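Keep in mind that what you see is a predicted model, and the values were worked out from it rather than measured. Both counts, for ligands and for their atoms, begin at 1 and track the order of listing. Side chains are part of it too, since the values below use all heavy atoms of this structure and drop only hydrogens, waters and symmetry mates.
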Amino acid sequence: MPLLRAFLLEDTHMTAHPPRIAQIIDGNDLSRQLRIEVTQRAAALRAKGHTPGLAVVLVGDNQASQVYVRNKVKACHESGLHSVLEQYPATMTEGELLARVEVLNNDPTIHGILVQLPLPAHIDAQKVIEAISPAKDVDGFHVASAGALMVGQPGFWPCTPYGCMKMLESIGYDLRGKHAVVIGRSNIVGKPMALMLLAKNATVTVCHSATKDLKTQTLQADVIVAAVGKRNVLTADMVKPGAVVIDVGMNRNDEGKLCGDVDFAGVSQVAGYITPVPGGVGPMTITMLLVNTIEAAEREAQARGLA
Ligand code: NAP
């Protein structure tokens, strides 16, 4: 299968038993495939005179945020979506930002609105998120989107956990009756991840900083999603042989290179499937933003009788 690339371990200590070969779920490959679909759907909408549009709003000069927003806008353009990047100084007031969001809510060329987080400390991020029309909440952070996910109604799913679900789908993994352990309970990753796994009939355990004996939990898991933001939270001794391991974490190692929460070299010898960092969940997050934006534009087209 093109999505799966065998990972051969370079472990010179293991001579008595051959190392287990975990299969890699390649987020770059999967993203490429999904973006072909996005491009086709965007072209179909454009043919009806309905170009899907995303507005990305950045306040302040956070370096990492600048890279993220540029990548999001670039990904839109590559897939035939209209995208505008609005950049404002860190001195922008909360009132000014709320007013901008309102303008975008009423802009017919914009179907998705993304306000890049974090916002400067003087702006209440939750208030800004709640000001975005739920119909344009392609980040899936609005309380209406969270509620829709919880009760199983249509809405926008947060892009990172949505991408993780696509990765599981890509290997044909049936979650029914499986035990999934999610490490982390943030509103943007851990909690929505747990709800998505639950919706697919997994039995879900959510772990966090107050969890006692994380290893006891993870050793029971058929699927582990690590979304903590700390290196080596998950090591080989904490993983059941053959388990699927999804690494959401983004950290820097001692050499300053990007790495995840999972001890990749060790866990690869035990897991059945594993996502790498970089090249795993990261590219999927942007791809799911495109998917949500297309979805928003299609819903609007349908409402206007264009579909
Ligand atoms: P967050 O808001 O800081 O949440 C981290 C979670 O980890 C919290 O629920 C925390 O528990 C839990 N935690 C902390 N230490 C722990 C420990 N030792 N054992 C078990 N749980 C522990 O972070 P986030 O926004 O969810 O992001 C998590 C990671 O994913 C970060 O590295 C972030 O950069 C990355 N990320 C990647 C992408 C992507 O596209 N690849 C997207 C989003 C986030 P408490 O709730 O008890 O504090």
Heavy-atom proximity to atom 33 (C) of ligand 1, picking from R231, R185, Q217, M250, points to M250
Between G184, P158, P161, which one has a non-hydrogen atom sitting closest to atom 12 (C) of ligand 1? G184
Starting from [atom], locate the nearest protein heavy atom and write down its residue, its atom name and how far away it is, to 0.1 Å.
{"atom": "atom 11 (O) of ligand 1", "answer": "S209 N, 3.2 Å"}
{"atom": "atom 20 (C) of ligand 1", "answer": "H208 O, 3.3 Å"}
{"atom": "atom 18 (N) of ligand 1", "answer": "K230 NZ, 4.1 Å"}
{"atom": "atom 4 (O) of ligand 1", "answer": "S186 CB, 3.8 Å"}
{"atom": "atom 27 (O) of ligand 1", "answer": "V189 CG2, 4.3 Å"}
{"atom": "atom 42 (C) of ligand 1", "answer": "T160 OG1, 3.2 Å"}
{"atom": "atom 29 (C) of ligand 1", "answer": "G229 N, 3.7 Å"}
{"atom": "atom 40 (O) of ligand 1", "answer": "T285 OG1, 2.8 Å"}

How about [X] and [Y]: does a side-chain donor come under 3.5 Å of a side-chain acceptor?
{"X": "N187", "Y": "K191", "answer": "yes"}
{"X": "R46", "Y": "T51", "answer": "no"}
{"X": "E130", "Y": "H142", "answer": "yes"}
{"X": "E86", "Y": "Y88", "answer": "yes"}
{"X": "T275", "Y": "D247", "answer": "no"}

Interatomic spacing from CZ in R252 to SG in C259 - rounded to 0.5 Å: 8.5 Å
Assess the residue pair V262 and I224 against the criterion (side-chain contact (heavy atoms from CB on, under 4.5 Å)); give the C-alpha distance rounded to whole Å, side-chain angles, the decisive distance to 0.1 Å, and a yes or no. CA-CA 10 Å; V262 175; I224 303 171; over 6 Å; no
What part of [X] sits under 4.0 Å from ligand 1 if we count only heavy atoms: the side chain, the backbone, both or neither?
{"X": "V248", "answer": "both"}
{"X": "T211", "answer": "neither"}
{"X": "I188", "answer": "side chain"}
{"X": "V228", "answer": "both"}

Using a strict 4.0 Å cut-off to heavy atoms of [X], name the atoms of ligand 1 that fall inside it.
{"X": "A227", "result": "5 (C), 6 (C), 7 (O), 28 (C)"}
{"X": "I183", "result": "20 (C), 21 (N)"}
{"X": "G282", "result": "40 (O), 41 (N)"}

Electrostatic pair [X]-[Y], nearest N-O below 4.0 angstrom:
{"X": "K215", "Y": "D237", "value": "yes"}
{"X": "D261", "Y": "R231", "value": "no"}
{"X": "E300", "Y": "K136", "value": "no"}

Kindly determine whether H111 and T293 satisfy side-chain hydrogen bond (donor to acceptor under 3.5 Å, both in side chains), including the steps that lead there. CA-CA 6 Å; H111 306 97; T293 304; over 6 Å; no
